[in-house]
Amino acid sequence: MSKKVLVVDDEPSIIKLVQFNLEKEGFQVLVAADGEAALAKIKEDQPDLLILDLMLPKVDGLEVCKQVRAHSHHLPILMLTAKTEEFDKVLGLELGADDYMTKPFSPRELTARVKAIFRRMEALRQNDEDSSKQFLQIGELTIDLDGYEVHHRQRMIDLTPKEFELLIYLANHRGKVLSRDQLLNAVWDYDYIGDTRIVDVHVSHLREKVEEDSRNPVYIKTVRGIGYKFEGPKEG
């Protein structure tokens, strides 16, 4: 069954362009021209991916993103922003968007991003076909690879798809210093042109969720000038 992609934009030309290119690649494309219609379609049609413009009538993209994350932690969100919307771009990531593209964009690049998202999701599902790695236990943090769940002690932690991927990658490379560019390439599956803020925002979110004190992290450490390193709590 083909993947369902919901494209939300109030510009008919962009809707038409994105729909044409994604359908050409075999995706089932649903469309909405405003945030209110988008929320209704998400509930009714349960898409596999949301491509969401920020500037929308009725309900703007930031509010759509916020409402989606309040009810669905597993729906990937690719946000579309204008180049001048730097604040909204970062705020969108803060509210739970997994990725973003700036307008104007290349249809080929957009299609590549969509394919990369689904490729990463499929890789997570397969778990490298290694049944011995269904759980990762690090300190009091338990990562259920099959169930897409993370627990700290007895508390379940709700993560977005990209936060979950990032946590797994960091945990699987425990003790290794990883640069932001390495994380972009490994977790997002393509290169940004020098823009690594998306990594920092997701790491910040992850810390807030898995660390007892995000300002003094036990698991995800910053290596100044390089990137991040995942460690476990020190014994004793």
Side-chain angles (χ1 to χ4, degrees), residues 1-69 72 74-123 160-162 165 184-185 187-198 201-202:
M1 183 180 296
S2 61
K3 297 291 187 182
K4 287 190 289 187
V5 180
L6 174 58
V7 182
V8 188
D9 202 297
D10 62 340
E11 296 182 53
S13 59
I14 290 182
I15 287 279
K16 186 175 180 180
L17 179 68
V18 174
Q19 184 172 14
F20 173 79
N21 282 276
L22 291 182
E23 287 181 344
K24 188 170 66 174
E25 295 295 328
F27 296 106
Q28 180 183 347
V29 180
L30 311 171
V31 301
D34 61 70
E36 191 175 277
L39 290 169
K41 281 188 175 291
I42 291 167
K43 185 176 180 180
E44 293 168 9
D45 299 312
Q46 299 183 336
D48 300 297
L49 171 66
L50 176 61
I51 299 177
L52 178 66
D53 186 34
L54 282 186
M55 302 299 291
L56 294 170
K58 296 186 179 179
V59 179
D60 67 28
L62 292 174
E63 181 61 27
V64 171
C65 189
K66 185 177 179 180
Q67 290 193 35
V68 167
R69 280 294 171 253
S72 172
H74 302 298
L75 176 63
I77 300 174
L78 172 58
M79 197 172 55
L80 302 179
T81 73
K83 285 188 176 180
T84 56
E85 295 170 347
E86 291 299 319
F87 174 77
D88 287 342
K89 184 188 301 178
V90 174
L91 184 55
L93 294 174
E94 291 285 352
L95 291 174
D98 299 287
D99 196 3
Y100 69 82
M101 290 189 67
T102 54
K103 295 180 178 180
F105 55 81
S106 158
R108 179 178 295 178
E109 183 183 357
L110 178 67
T111 302
R113 297 278 185 100
V114 170
K115 287 181 175 180
I117 289 170
F118 284 127
R119 186 162 59 244
R120 297 297 304 169
M121 290 172 66
E122 184 60 29
T160 67
K162 195 56 64 179
E165 289 182 53
L184 278 174
N185 187 54
V187 179
W188 279 262
D189 207 14
Y190 45 75
D191 295 323
Y192 279 78
I193 304 174
D195 189 351
T196 57
R197 287 172 300 173
I198 193 170
V201 171
H202 278 79

| message | Taking the side chain as everything from C-beta on, heavy atoms only, tell me whether Q19 gets closer than 4.5 Å to V7. | response | no
| So, do V18 and V31 sit near enough that their side-chain heavy atoms are less than 4.5 Å apart? | no
| Beyond-backbone contact of K103 with L80, side-chain heavy atoms, under 4.5 angstrom | yes
| message | Could you report the tightest heavy-atom contact between G96 and C65, atom names first, then the distance? | response | C-SG, 4.1 Å
| message | Is the shortest side-chain heavy-atom distance between L54 and L62 below 4.5 Å? | response | yes
| request: Enter the distance from D48:CG to F118:CZ here, rounded to the nearest 0.5 Å. | output: 5.0 Å
| Rounded to the nearest 0.5 Å, how far apart are CG of L22 and OG1 of T111? | 5.0 Å
| task | Supply the atom-to-atom distance I117 CD1 to L49 CG, rounded to the nearest 0.5 angstrom. | result | 5.0 Å
| field | K162 side-chain N/O to A97 backbone N/O, donor-acceptor pair under 3.5 Å | value | no
| query | Could you state the interatomic distance from NZ (K43) to CD (Q67), rounded to the nearest 0.5 Å? | reply | 11.0 Å
| query | Hey, does N21 have a side-chain heavy atom less than 4.5 Å from the side chain of E25? | reply | no
| Does R113 use its side chain to pair, donor to acceptor, with the backbone of Y100 at less than 3.5 Å? | yes
| Heavy-atom side-chain proximity of L75 to I42 below 4.5 angstrom | yes
| Measuring from M101:CE to T81:OG1, what's the distance to the nearest 0.5 Å? | 9.5 Å
| message | For L6, run the side-chain contact (heavy atoms from CB on, under 4.5 Å) check against L52, I51, L50, V29 and tell me which one passes. | response | L50
| query | So, for G26 and S2, which heavy atoms are closest and what is the spacing to 0.1 Å? | reply | O-CB, 3.1 Å
| message | Taking E11's backbone N and O only, do any of them form a donor-acceptor pair with D9's side chain (distance below 3.5 Å, no angle check)? | response | yes
| query | Do I77 and T160 have side chains that get closer than 4.5 Å, going by heavy atoms? | reply | no
| said: With a 4.0 Å cut-off on N to O distance, would you call K66 and D60 a salt bridge? | reply: no
| Closest approach of P161 and R69, non-hydrogen atoms and distance? | CD-NH2, 3.9 Å
| More than 12 heavy atoms from other groups under 6.0 Å of NZ on K4 | yes
| task | Going by the side-chain contact (heavy atoms from CB on, under 4.5 Å) test, name the single residue among E63, K41, K58 that passes it with E36. | result | K58
| Heavy-atom side-chain proximity of D53 to V8 below 4.5 angstrom | no
